[in-house]
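To keep things clear, I will list the structure first and then write my remarks on it.
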Amino acid sequence: QSQELSQVRIDYHAALQALVEDGTRMVCTGRMHTDRICRFESLCYSTEAEEFVFFHSNYSVMLPNLGSRRFQPALLDLSSVEDHNTQYFNFVELPAAALKFMPKPVFVPDVALIVNRFNPDNLMHVFHDDLLPIFYTMQQFPDLDLESRLFFMEGWGEGLHFELYRLLSNKQPLLREQLKTLGRLLCFTKSYVGLSKLTTWYQYGFVQPQGPKANLLVSGNEIRQFAKFMMEKLNVSLEGTPQEEYIIVFSRTINRLILNEAELILALAQEFQMKTITVSLEDHPFSDIVRLISNASMLVSMHGAQLVMSLFLPRGATVVELFPYAINPEHYTPYKTLSTLPGMDLQYIAWQNTEKQNTVTYPDRPWDQGGIAHLDKTEQDRIMKSTEVPRHLCCRNPEWLFRIYQDTKINIASLIQAIRQTVKSKPGPKRQKWASGLYPGKVRDAKCQASVQGTAEAKLSVSWQIPWNLKYLKVREVKYEVWIQEQGENTYMPYILSHQNHTFSDNIKPFKNYLVWIRCIFNKNLLGPFADVLFCST
Ligand code: UDP
């Protein structure tokens, strides 16, 4: 019932008249199809043609107007996965006058966010590709509030985690298939098309082997605010979590199993003197798992999508990711990258099974569960003998699938040793710090004074004031970096200084012009901006 687009809220004749007279109006952000999001008025969709339609009139707007570059390769990416050729968005164009000959439009009154989900059956993809990008796309545009409606155009059914998508707005999200039941020509009164990629941290290996994205633009702060929103929507409160500190073993029950799970749980409990509990997506309601994780000291799990739920861990907690035999942890780092985002404040530990006798393989399973029976005998033999899966592209590499779907008997001593190298005392949440990781502003009022001694020697006294924001901050260590360049030279002399003035005499010559750059540094690695260059003549 909530799926119905209420027609009462809209004056149908006024809407139709606006569409016929004004046509479609589009203004986008972004310079490339990979970073573009477009806002439309009166964007239409033909459910028969399965095409979006842009109606031209004297008042229509199309910015950017790319001409045929709109097809090279597309106007924008409809999913958050960059430049994937199954996820492109475009529209076909018609004159508004053609509406006379078309089915009567059905108007969508809600503000719409039109996107593709990438892989709604895999929890990592759900969070990384869809939920976080949708959440922050909605934050970017104020009319995408809780009363707006999500439209998923990738063509899948609801998928295994639809209830999570429903948390993002008060209206039921609609799937491409359902649009047919609404009418032959749908017209979105106001809509946004495309997703922000600012929060994504991983590329899955479509063009180069998988790994962290090259330019990470998200910090733990944004991830945690999203996590908090989800917890509120899931009605998760800490009531009912154990009082004492505890460890969670997040297990898989279908494949990629831990074969000695009972032994593992006992060993962890004994080593860290903590209650240790097991959860799995199959056996526990999602909100129970979130509640338990959000208060845990340590999360131990095989590599796999369930580990994306580390984003619900409290600051200071430890993530232990287990990798099957012949899988190099350095090559598969979606959860390491998440855990180690700046400000995420999680400790991350990878452990790999290096003992062949502790792995159980499944060569006879179907190919998508890691079976290799369909391959040449020589290829099967090579894979069986190999001790490490070579780097590969997504997504059907049989050697990778064969190895990643092994079951593992964990060598407990080796695992505990690996954890102990990082977790010295008791693992567990730490107090929240604020104002760490803030950058200095520019130094102020920089001045220089020159003095010349004879024909060969000169001195340059430079002074400046502290950055404006420093007086409001507690900073452990404040240093200044000064670069001095003789005008016309390619090189400069760098100095790191503790005070707000310094007299330079090395390499300072009389009757020369010098350019002086000064910046402030907090705690060794927080580099501020350089102040405007200072000209000094000796
Ligand atoms: N899954 C699970 N238990 C299992 C196997 C899989 O909950 O025993 C879930 C997993 O968390 C993911 C989905 O099923 O959400 C697909 O799993 P797959 O092994 O294909 O992907 P991966 O976990 O390697 O990303």
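Because the structure is predicted, anything quoted here is derived from the model rather than measured. Each residue takes its place number in the sequence, starting with 1. The figures here come from the full heavy-atom set of this structure, side chains too, leaving out hydrogens, waters and symmetry mates. Counting starts at 1 for both ligands and their atoms, following the listed order.
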If you measure from atom 23 (O) of ligand 1 to every heavy atom of Gln306, Gln369, Arg252, which option wins on shortest distance?
Arg252
salt_bridge(Arg382, Glu379) N-O dist < 4.0 Å
yes
Side-chain heavy atoms of Gln347 within contact of Val319, under 4.5 Å
no
May I ask you to list the atoms of ligand 1 that are less than 4.0 angstrom from any heavy atom of Asn122?
15 (O), 16 (C), 21 (O), 22 (P), 25 (O)
Less than 4.0 angstrom from a charged side-chain N to a carboxylate O is my criterion; do Glu271 and Arg420 meet it?
yes
Looking only at protein heavy atoms, identify the closest one to atom 3 (N) of ligand 1 and say how far it is in Å.
Glu282 OE2, 2.5 Å
Any idea which protein heavy atom is nearest atom 20 (O) of ligand 1, and the distance to it?
Tyr405 OH, 3.1 Å
Gly304 neighbourhood, listing ligand 1 atoms whose heavy-atom distance to it stays under 4.0 Å
23 (O)
Under 4.0 Å from any heavy atom of Arg256, which atoms of ligand 1 are there?
19 (O), 22 (P), 23 (O), 24 (O)
When you check the gap from the basic side-chain N to the acidic O, do Glu158 and Arg117 get nearer than 4.0 Å?
no
Say whether Ala305, considering both its backbone and side-chain N or O atoms, lies within less than 3.5 Å of an N or O atom on ligand 1.
yes
Does the distance from a Lys or Arg side-chain N to an Asp or Glu carboxylate O, for Asp35 and Arg31, drop under 4.0 Å?
no
Atom 15 (O) of ligand 1 has as its nearest protein heavy atom Leu123 N, 2.9 Å
Residue and atom name of the nearest protein heavy atom (relative to atom 9 (C) of ligand 1), distance in Å to one decimal:
Leu281 CD1, 4.4 Å
Ion pair check, Asp110 and Lys171, cut-off under 4.0 Å
yes
Return the closest protein heavy atom for atom 14 (O) of ligand 1 as residue, atom name and distance.
Asp121 O, 4.5 Å
Using the benzene-type ring in the case of Trp, are the ring centres of His128 and Phe118 under 6.0 Å apart?
no
Matching residue for Glu321 among Tyr348, Trp351, Tyr332 - test: side chain to side chain donor-acceptor pair (under 3.5 Å):
Tyr348
Taking the six-membered ring of Phe152 as reference, does the NZ or CZ atom of Arg176 fall below 6.0 Å from its centre and within a 45° cone about the axis?
no
For His303, state whether at least one heavy atom is located under 4.0 Å from any atom of ligand 1.
no
4.0 Å heavy-atom contact, Leu160 with ligand 1
no
Does the N or O separation between Ile254 and ligand 1 drop below 3.5 Å for any pair?
yes
